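Treat the numbers as computed from the prediction; the structure is a model and nothing was measured.
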Amino acid sequence: MQDSSGRGKITEIYEKLLAFFGPQGWWPVYSDNGPRYHPGDFSYPKTDIQRIEIAFGAILTQQSSWKNAEKALFNLMEHGLLDLEGILETEEEILRNIIRSSGYFRQKAERLKLFSGFVLDRHGDMEDLFSSDTKELRRELLSVKGIGNETADSIILYAAKKPKFVVDAYTFRLIERMGIAEERDYDSVQRLFEEEMPKNLEIYSEYHALLVELGKNHCRKKPNCTDCPLKQICLYNKKA
DNA sequence: GTCCGGCTCA
DNA sequence: TGAGCGGGAC
């Protein structure tokens, strides 16, 4: 996407969203004596269990509300299954029931197993997996069936703590409605944000979370523009 | 009844 | 590009 139309807007959107919603503090870490929430604390995850928690959470929340994914995550925790070997040793049918609340539980049970098997076979643990550089890590994650662009980037950003901008359906919808980008594929949209915003972990982490908040509250499929924080700079729904 | 912090396969 | 996957919250 080119400069003239979009240049500056990405930054402006970020500032308005941050001012309106405040810092979101993604990603919550619960396990291994982690705090329930850590807004402003980007030092998590600290342990492999916590890295697994975030990676599993990223898979469980695919096309599902975080509430439902969270329940599944807690359930895994209670069964001591924030553990790669443990997932592989758990009967598929049992695993499905443990994560049932997240929806798509048959697919996700398989995905947890495939991901766990990959990490164990290729790296042994999460810390070693994350020791690869961002490009290589992304390539590896994408090679696992069940991990696509958004899930891979979520893991890279929130678990491996490497600056990679996460694009999701809300992001596409926003730039579509605001007429910012003409290129609609994932990589182009990601590049758009990464090129305008400072390559910064905290900013990428907050920006994606803020876009989710905007998408849930205002920029929905059926938009609620009335009290939208971007109302002044968005052309959508403006009278012609 | 609608929608969710997507992805695979045809 | 479209169908299929799915429980739970609102």
In chain order, what residues pass the side chain to side chain donor-acceptor pair (under 3.5 Å) check against A:His79, with sequence neighbours excluded? none
Partners meeting side chain to side chain donor-acceptor pair (under 3.5 Å) with A:Ser131 (sequence neighbours left out): none
Selection residues 128-147 of chain A - residue pairs positive for salt bridge (charged side-chain N to carboxylate O under 4.0 Å, His left out), sequence neighbours left out: A:Glu110-A:Lys145, A:Glu136-A:Arg139, A:Arg138-A:Asp153
Scan residues 168-179 of chain A for pairs that pass salt bridge (charged side-chain N to carboxylate O under 4.0 Å, His left out), counting only residues two or more places apart or in two chains. A:Glu176-A:Arg184
Does any residue of residues 135-150 of chain A have a heavy atom under 4.0 Å from DNA chain B, and if so, which ones, in number order? A:Val144, A:Lys145, A:Gly146, A:Ile147, A:Gly148, A:Asn149, A:Glu150
Those residues of residues 16-31 of chain A lying under 4.0 Å from DNA chain B by at least one heavy atom: A:Trp26, A:Trp27
For [X], all residues meeting salt bridge (Lys or Arg N to Asp or Glu O under 4.0 Å), sequence neighbours excluded:
{"X": "A:Glu127", "value": "none"}
{"X": "A:Glu93", "value": "A:Arg96"}
{"X": "A:Arg220", "value": "none"}
{"X": "A:Asp48", "value": "A:Arg51"}

Expressed as a whole number of Å, how far does the P atom of C:dG6 sit from that of B:dC9? 15 Å
B:dG5 and C:dA3: how far apart are their P atoms, nearest whole angstrom? 23 Å
Annotated protein contacts, base or backbone, on nucleotides 1-9 of chain C with a non-hydrogen cut-off under 4.0 Å, one of B, S, - each: ---BBBBBS
Measure centre to centre between the rings of A:Trp66 and A:Trp27, then say whether the value is under 6.0 Å. yes
Please identify each residue that fulfils side chain to side chain contact (heavy atoms under 4.5 Å, CB included) with A:Asp83, with sequence neighbours left out. A:Glu85
Rounded to whole Å, the CG-P distance (A:Asn224 to C:dC10) equals 17 Å
